[in-house]
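Keep in mind that what you see is a predicted model, and the values were worked out from it rather than measured.
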Amino acid sequence: METTNKTNDLSRYELPELKRKGLFGWQYTPTQSAVKKKEYYLTDDADVVESILEKHQFAELRSLHCKMLTPLELLVVGAKDGQFAAAQIRRYVPYEFKPESEIMVFKGADAEALLNNLKDVKPVDKGLWK
């Protein structure tokens, strides 16, 4: 896992590995794989989530509690081929989510493990009308 030197904002795809493709798409440049972003709104403590990611204990992600209207967000950007993932913990500060942690970058088997374990965590949609 790598971290950035300063607290960039992952929601703006501020990583050198990511490149805009077309009007709305992004890609992971080493493999040319499309990138997808997911948001998980959590009731868990930020330190717990950060510890899980830092220790690569990705199976513990399945026990996280997702719920709408919580001030803690785990933002994850992952390549569809599973070779890249980036995660950042963000906190709601009126009137937007702001980065609370560095961007954590995972590649290869670590990225694949992170993304596979997050499949069991159901992100809550922002839309109230779904």
J.: Short question: side chain of Glu14, backbone of Asp9 - any donor-acceptor pair under 3.5 Å?
T.: yes
J.: Applying side-chain contact (heavy atoms from CB on, under 4.5 Å) to Leu64 and Ile52, what does each step give before you reach the verdict?
T.: CA-CA 10 Å; Leu64 295 178; Ile52 289 170; 4.2 Å; yes
J.: What closest approach, in Å, do Ala111 and Gly82 show between heavy atoms, and which atom pair accounts for it?
T.: CB-O, 3.6 Å
J.: Name all residues meeting the side chain to side chain contact (heavy atoms under 4.5 Å, CB included) criterion together with Leu115; count only those two or more places apart in sequence or in a different chain, and write none if there are none.
T.: Val76, Ala85
J.: Which pair of heavy atoms, one from Leu114 and one from Phe106, lies closest together, and at what distance?
T.: CD2-CD1, 3.6 Å
J.: Between Tyr40 and Leu61, does the side-chain contact (heavy atoms from CB on, under 4.5 Å) criterion hold? Intermediate values first, please.
T.: CA-CA 11 Å; Tyr40 301 87; Leu61 292 170; over 6 Å; no
J.: To the nearest 0.5 angstrom, please state how far the SG atom of Cys66 sits from the CD atom of Glu39.
T.: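 So the gap between those two atoms works out to 11.5 Å.
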J.: Which atom pair, heavy atoms only, marks the closest approach of Ile103 to Ala86?
T.: CG2-CB, 4.0 Å
J.: Spell out, as yes or no, whether a donor-acceptor pair under 3.5 Å connects the side chain of Thr70 to the backbone of Thr43.
T.: no
J.: As an exercise, state the distance from NZ of Lys107 to CD of Gln83, rounded to the nearest 0.5 Å.
T.: 11.0 Å
J.: If you count every heavy atom of other residues, nucleotides or ligands that lies below 6.0 Å from Lys37 atom NZ, does the total exceed 12?
T.: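 More than 12 within 6.0 Å, yes.
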J.: Might you confirm whether atom CZ of Arg20 has over 12 heavy atoms from other residues, nucleotides or ligands at distances under 6.0 Å?
T.: yes
J.: Roughly how far, to the nearest 0.5 Å, is CG of Asp47 from CG of Asp45?
T.: 4.5 Å
J.: Rounded to the nearest 0.5 Å, what's the gap from CD on Gln88 to NZ on Lys98? Could you check?
T.: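 Answer for the CD-NZ pair, Gln88 versus Lys98, is 12.0 Å.
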J.: Using distance only, find each side-chain donor-acceptor pair of residues 23-31 under 3.5 Å and give its atom names and separation, not counting sequence neighbours.
T.:
{"from": "Gln27", "atom 1": "NE2", "to": "Gln32", "atom 2": "OE1", "distance (Å)": "2.8"}
{"from": "Thr29", "atom 1": "OG1", "to": "Glu17", "atom 2": "O", "distance (Å)": "3.0"}
{"from": "Thr31", "atom 1": "OG1", "to": "Asp81", "atom 2": "OD2", "distance (Å)": "2.8"}

J.: Measure from the side-chain N and O atoms of Glu100 to the backbone N and O of Leu72, and report whether any donor-acceptor pair falls under 3.5 Å.
T.: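 Such a contact is absent between Glu100 side chain and Leu72 backbone.
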J.: For Tyr92 together with Tyr41, are the ring centres under 6.0 Å from each other?
T.: no
J.: Looking only at non-hydrogen atoms, find the nearest pair between Arg90 and Pro99 and report the distance.
T.: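 Taking Arg90 first and Pro99 second, the nearest heavy atoms are CG-CA, 4.0 Å.
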J.: Is there a side-chain contact (heavy atoms from CB on, under 4.5 Å) between Leu74 and Leu53 once you walk through the steps?
T.: CA-CA 11 Å; Leu74 175 61; Leu53 295 172; 4.0 Å; yes
J.: Is there a side-chain contact (heavy atoms from CB on, under 4.5 Å) between Asn116 and Phe58? Walk through the geometry before answering.
T.: CA-CA 9 Å; Asn116 283 336; Phe58 303 126; over 6 Å; no
J.: Which atoms form the tightest heavy-atom contact between Leu75 and Ser11, and what is the distance?
T.: CD2-N, 3.4 Å
J.: Which residues end up grouped with Val93 if you chain together Ile, Leu, Val, Met, Phe, Trp and Tyr wherever their side-chain heavy atoms are less than 4.5 Å apart?
T.: none
